[in-house]
Amino acid sequence: MSKQTWKPGNMLYPVPAVMISCKRPGEKPNIITVAWAGTICSDPAMVSISVRKERYSHDIISETGEFVINLTTKQLCYATDYCGVKSGKNVDKFKEMNLTEGASTKVSVPSIAESPVNIECKVRQVIELGSHDMFIAEVLCVDVDESLLDDRGALRLEKADLIAYSHGQYFGLGEYIGKFGYSVQKNKGK
């Protein structure tokens, strides 16, 4: 196998493409699409998102210290892309994309009702990195569409039709391959 060496770059793909909702008191809410989002701690549950300083949402999140991560689906892919290329300074993204402001439980920021999973977050720290600032946030609660729960109340996220972002393109998640730990199980079933 032959390989080329490239200059440093972010090639850790695929990543989740999520819509972040945010809002200043007394103003219309905004949505920004973020591909740099991730889990950073399980106890307490914490996540990070990285946002360019010049983005309209950056100042909103900096001032309010709150945001909601809204998972995206194949049905929301067009809105996901739109919310990533249009500025909330000029456009009401909820209105333009026919999205519904959902009531959040723990934060004053609306969620996106059409999203199957909404992760309500409170900023705990901001790290200036260069082109982006990383917002480290505690997860205050997670709102899950009941249609994704089975008879026992277990989450079946595979039913949500989630999407991922890979080097400028959106993809539906692929086929089931195995569950965590299947490589060491006595019964090698998936």
Side-chain angles (χ1 to χ4, degrees), residues 13-25 27-40 42 44-52 55-58 60-61 64-88 91-123 134-150 153-166 168-174 176:
Y13 291 111
V15 294
V18 297
M19 291 192 286
I20 306 297
S21 49
C22 55
K23 182 182 179 184
R24 283 188 186 101
E27 294 184 8
K28 73 180 183 325
N30 191 44
I31 303 167
I32 181 176
T33 300
V34 171
W36 294 351
T39 299
I40 57 172
S42 58
M46 296 184 79
V47 295
S48 70
I49 61 170
S50 292
V51 181
R52 285 188 178 274
R55 296 295 297 262
Y56 178 65
S57 296
H58 181 282
I60 297 171
I61 296 168
T64 64
E66 295 181 333
F67 60 87
V68 177
I69 298 174
N70 302 277
L71 299 191
T72 55
T73 64
K74 286 183 184 178
Q75 296 76 20
L76 290 170
C77 192
Y78 185 87
T80 301
D81 186 66
Y82 181 90
C83 291
V85 297
K86 292 290 187 174
S87 175
V91 175
D92 181 338
K93 297 178 189 180
F94 273 94
K95 180 179 176 186
E96 291 299 315
M97 291 293 101
N98 295 314
L99 297 172
T100 309
E101 291 181 44
S104 293
T105 307
K106 301 279 186 178
V107 297
S108 60
V109 175
S111 62
I112 299 172
E114 291 79 6
S115 171
V117 177
N118 316 99
I119 305 167
E120 299 182 32
C121 303
K122 179 78 174 163
V123 176
M134 178 186 289
F135 293 89
I136 295 175
E138 184 173 349
V139 174
L140 301 181
C141 73
V142 180
D143 305 301
V144 178
D145 189 315
E146 291 180 355
S147 70
L148 299 179
L149 305 178
D150 66 15
L155 179 62
R156 297 292 176 210
L157 202 49
E158 69 276 8
K159 294 166 67 176
D161 236 357
L162 298 176
I163 61 171
Y165 179 80
S166 184
Q169 299 176 318
Y170 303 99
F171 292 92
L173 296 183
Y176 173 77

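In what follows, residues are counted from 1 in the order of the sequence shown.
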Has the side chain of [X] got a donor or acceptor atom that lies under 3.5 Å from a matching backbone atom of [Y]?
X	Y	answer
T73	L76	yes
Y78	D81	no
K93	I31	yes
S48	A37	no
S166	Y13	no

Task: CA sep, side-chain torsions, deciding dist, call: Y82, V91, side-chain contact (heavy atoms from CB on, under 4.5 Å) - done: CA-CA 11 Å; Y82 181 90; V91 175; 3.3 Å; yes

From [X] atom [atom1] to [Y] atom [atom2], the distance as rounded to the nearest 0.5 Å:
X	Y	atom1	atom2	result
Q75	E114	CD	CD	11.0 Å
C83	M97	SG	CE	6.5 Å
E158	L155	CD	CG	8.0 Å
R52	H58	CZ	NE2	11.5 Å
D161	C77	CG	SG	11.0 Å
I61	R55	CD1	CZ	10.0 Å

TODO: For side chain to side chain donor-acceptor pair (under 3.5 Å), just list the numbers for E120 and S111, CA-CA rounded to whole Å, side-chain angles, deciding distance to a tenth of an Å, and then say yes or no.
DONE: CA-CA 8 Å; E120 299 182 32; S111 62; over 6 Å; no

Is there a side-chain contact between [X] and [Y] (heavy atoms, below 4.5 Å)?
X	Y	answer
I32	M19	no
L148	V117	yes
P29	E101	yes
F67	I49	yes

Closest contact, heavy atoms only, [X] versus [Y]:
X	Y	result
A35	Y165	CB-CD2, 3.8 Å
V109	C22	CG1-CA, 3.5 Å
P44	E138	CB-OE2, 4.1 Å
L140	V107	CD1-CG1, 3.8 Å

Is it the case that atom [atom1] in [X] sees more than 12 heavy atoms from other parts of the structure closer than 6.0 Å?
X	atom1	result
K122	NZ	yes
F171	CZ	yes
E27	CD	yes

- [ ] Go through M134 and W36 one step at a time and tell me if the side-chain contact (heavy atoms from CB on, under 4.5 Å) criterion holds.
- [x] CA-CA 9 Å; M134 178 186 289; W36 294 351; over 6 Å; no

Open item on the list: Using the rule given for side-chain contact (heavy atoms from CB on, under 4.5 Å), can you reason through N70 versus V18, listing the C-alpha separation, both sets of side-chain angles and the distance that settles it, and then say yes or no?
Closed with: CA-CA 6 Å; N70 302 277; V18 297; over 6 Å; no

Task: Candidate list S57, S87, S21, test side chain to side chain donor-acceptor pair (under 3.5 Å), partner N30, passing option - done: S57

TODO: Output, in order, the C-alpha distance, side-chain angles, deciding distance and verdict of side-chain contact (heavy atoms from CB on, under 4.5 Å) for N118 and S104.
DONE: CA-CA 9 Å; N118 316 99; S104 293; over 6 Å; no

Task: side chain to side chain donor-acceptor pair (under 3.5 Å) between E66 and T64, intermediate numbers included - done: CA-CA 5 Å; E66 295 181 333; T64 64; 5.5 Å; no

Open item on the list: So that I can tick it off, tell me whether R156 and D150 are bridged by a salt bridge, with the cut-off set at under 4.0 angstrom between side-chain N and carboxylate O.
Closed with: yes

- [ ] Applying side chain to side chain contact (heavy atoms under 4.5 Å, CB included) between K74 and each of I163, L173, T80, report the one that passes.
- [x] I163

